[in-house]
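Heads up, the thing below is written out as structure tokens.
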Amino acid sequence: MMRRLRLNRHVTERLGFSFLTLMAVVTVVPIVAVVIYILVQGMPAISWEFLSGFPRDGMRAGGILPAIVGTFYLTIGTAVFSVPLGIAAAIYLSEYAADNALTRLIRIAIINLAGIPSVVYGLFGLGLFVLFLKFGTSILAASLTLSIMTLPVIISTAEEALRAVPQPFRTVSVSLGGTRWQGIQRIVLPQALPGILTGVILGLERAAGETAPILFTGAAFFLPRLPNSPFDATMALPYHLFVISTQVPEMPPQVQYGTALVLLVFVLGMNLIATTIRSRARARRQW
Amino acid sequence: MTDKIVIENLSLTYSDGVESLRNISMGVRENAVTVLFGPAGGGKSTLLRCLNRLNDLTEVRTSAGRILIDGENILDPKTDVIALRRKVGMVFARPVVLPMSIRQNLTYGLELAGEKRKSRLDEAVERSLKLAAIWDEIKDRLDDPAIALSGGQQQRVCLARVLALQPEIILLDEPTSGLDPISTGKVESALQELKKEYTVILVPHSVQQAARTADYAAFFLQGELVEYDEGKSIFTTPREKRTEDYVTGRFG
Ligand SMILES: Nc1ncnc2c1ncn2[C@@H]1O[C@H](COP(=O)(O)OP(=O)(O)OP(=O)(O)O)[C@@H](O)[C@H]1O
Ligand SMILES: [Mg+2]
């Protein structure tokens with residue numbers, strides 16, 4: 001009797017375990033499949049000319065340099081606005097703000113901002129930056145729009161990273177004659193930096209891949225040259241992919257997959273950097 | 001001998017309405033170990049945190065009274081709290097080493113104060129580690145992460161970190177509560193050395209430790225200072241019944 005019971009329990013455990021493993025595999029398969037599919041389909045398109053040339057023949061041939069450069073500029077532009085602002089807001093929320101109605105409201109707003117569909121940000125950017133502030137359809141307007149979309153991600157991950165730094169460090173710093181800011185600057189921020197960077201990169205990565213927010217605010221259908229000021233419109237990888245997949249007849253599929261592959265590498269590359277930073281920091285952590 | 005610290009009618013209520021100190025008046029002697037003891041929640045930590053204004057970080061509803069250090073009321077809003085905290089150092093119950101090397105832990109306070117000269121910093125590291133009786137143990141690994149030390153070593157590094165600032169008063173809140181008897185002994189004997197130069201206020205983690213270390217001892221019960229006397233008498237012939245009950249282990 002006892003034997004059977006024990007055996008059963010053992011078998012159940014085994015079964016449960018196998019089931020969980022299976023589920024884990026099932027979730028990973030589609031992701032891997034997408035990556036492999038894009039890789040296989042896109043690789044033939046990749047050449048030096050594809051990466052460094054301008055589109056030709058109604059974008060059916062030539063390269064995608066303006067879109068690559070454009071996405072790069074938009075990512076930098078987004079970082080310029082959202083990173084300092086996001087980190088400052090996170091420091092305020094985690095280190096200085098009292099827990100009152102106002103800060104609770106701010107937190108709720110941040111969480112909800114993260115849930116707003118990106119096309120709504122696009123419309124907002126059109127209204128505020130393009131039309132009202134008269135930045136026109138430009139890298140500046142698009143970067144600002146992307147920044148607003150990215151801010152909630154940066155603020156909440158950075159705040160979490162700051163809060164994870166043990167409270168006693170702050171108390172000790174103050175007890176040794178430090179101001180609160182000195183403790184933040186010398187201990188809390190350096191300790192939270194890897195977590196903050198991870199959040200920043202994940203936020204920017206999302207911005208780099210978005211089409212809707214830049215659709216009305218900065219993206220150009222086709223430009224025969226590279227943008228040379230923040231007030232120029234620009235081509236961008238996600239929008240270019242949308243254009244060549246839907247707006248151009250007789251498009252060779254390999255150009256589409258090539259473009260998708262470049263975007264994927266750009267985004268996954270950022271992701272890889274974030275992951276590396278995080279695991280390095282974990283290994284070095286002293287608390 | 002003079003009173004380094006004079007506490008006059010000190011009362012404090014936290015924002016949740018808990019009255020943690022009730023009309024405390026006492027003087028603290030220079031060059032002596034003064035022990036604050038009593039059961040949990042008596043207000044000992046609260047009193048320590050008043051002495052270096054660390055309670056500024058906590059939500060306090062009301063406080064009244066004065067604390068004079070060298071004749072100056074440090075509860076005055078105009079007090080330079082940064083200077084006060086350099087003069088009144090604090091060691092906490094759980095050793096909290098900062099996430100940096102041993103050396104950087106020791107120079108942290110001095111660097112905050114603007115000291116940049118390497119010779120001065122090195123000098124302070126050696127002097128304070130010797131005072132905290134840990135120099136010989138760790139002098140060859142000063143650039144290792146402080147977290148790699150044992151708990152007892154960490155606590156002495158925390159003590160040294162306070163000493164590096166050359167304070168005048170040292171507050172210790174149950175500094176040996178997590179330590180083994182040998183480490184505890186080392187900290188206690190370091191205190192006996194330190195009192196020659198400093199004013200030491202200790203919250204012990206047991207009555208035995210109170211009795212071992214106290215030149216003067218104050219018994220706190222639920223925010224009240226019940227009895228304050230020389231260590232010799234309070235642990236042998238207490239005047240108050242409540243003190244006697246506690247010292248003899250009949251409660252708490
Ligand atoms: N930050 C705080 N906010 C609210 N109440 C507090 C706070 N710190 C302490 N108290 C309360 O004040 C009273 C005195 O606490 P205190 O920590 O000073 O006691 P203690 O004598 O140090 O006790 P222990 O031996 O447990 O360390 C307790 O009732 C405690 O709950
Ligand atoms: Mg306490």
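In this text, all values refer to a predicted model and were calculated from it rather than measured experimentally. Naming convention: chains lettered A, B, ... in sequence-line order (proteins, then strands); numbering from 1 in each chain.
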Self-check item: chain B contact residues among residues 140-151 of chain A, heavy-atom distance under 4.5 Å
Solution: none

Exercise. Considering only heavy atoms, give the residues of residues 164-177 of chain A separated from chain B by less than 4.5 Å, sorted numerically, with 'none' for an empty result.
Key: A:P168, A:F169, A:T171, A:V172, A:S173, A:V174, A:S175, A:L176, A:G177

Quiz prompt | Max heavy-atom pair count under 4.5 Å with chain A, selected residue of B:K87, B:R86, B:R85, B:M90 | solution = B:R85

Quiz item: Taking B:L84, B:L165, B:D56, B:L98 one by one, which has the highest count of heavy-atom pairs under 4.5 Å against chain A?
Solution: B:L98

Quiz item: What do you reckon, is CZ of A:F72 surrounded by more than 12 foreign heavy atoms closer than 6.0 Å?
Solution: no

Self-check item: Atom CD of B:E72 with >12 non-hydrogen neighbours under 6.0 angstrom
Solution: no

Quiz item: Given that the side chain runs from C-beta out, which part of B:R161 has a heavy atom under 4.5 Å from chain A: side chain, backbone, both or neither?
Solution: both

Quiz item: Is A:Q182 atom CD crowded by more than 12 heavy atoms from other residues, nucleotides or ligands, each under 6.0 Å away?
Solution: yes

Quiz item: Is there side-chain contact between A:R186 and B:M100, with at least one heavy-atom pair below 4.5 Å?
Solution: no

Practice problem: Select one option (side chain, backbone, both, neither) describing which atoms of B:V81 are under 4.5 Å from chain A's heavy atoms. | Solution: neither

Quiz item: Is it the side chain or the backbone of B:E59 that comes within 4.5 Å of chain A heavy atoms, both, or neither?
Solution: neither

Quiz item: Is the count of non-hydrogen atoms from other residues, nucleotides or ligands lying under 6.0 Å from A:R104 atom CZ greater than 12?
Solution: yes

Exercise. Specify the closest pair of heavy atoms between A:G178 and B:L112, including all atoms of both residues, with the distance to one decimal.
Key: CA-CD1, 3.4 Å

Quiz item: Highest number of heavy-atom pairs under 4.5 Å with chain A: which of B:I147, B:V88, B:V162?
Solution: B:I147

Exercise. Inspect the surroundings of CZ in B:R94 and state if more than 12 heavy atoms from other residues, nucleotides or ligands are less than 6.0 Å away.
Key: no

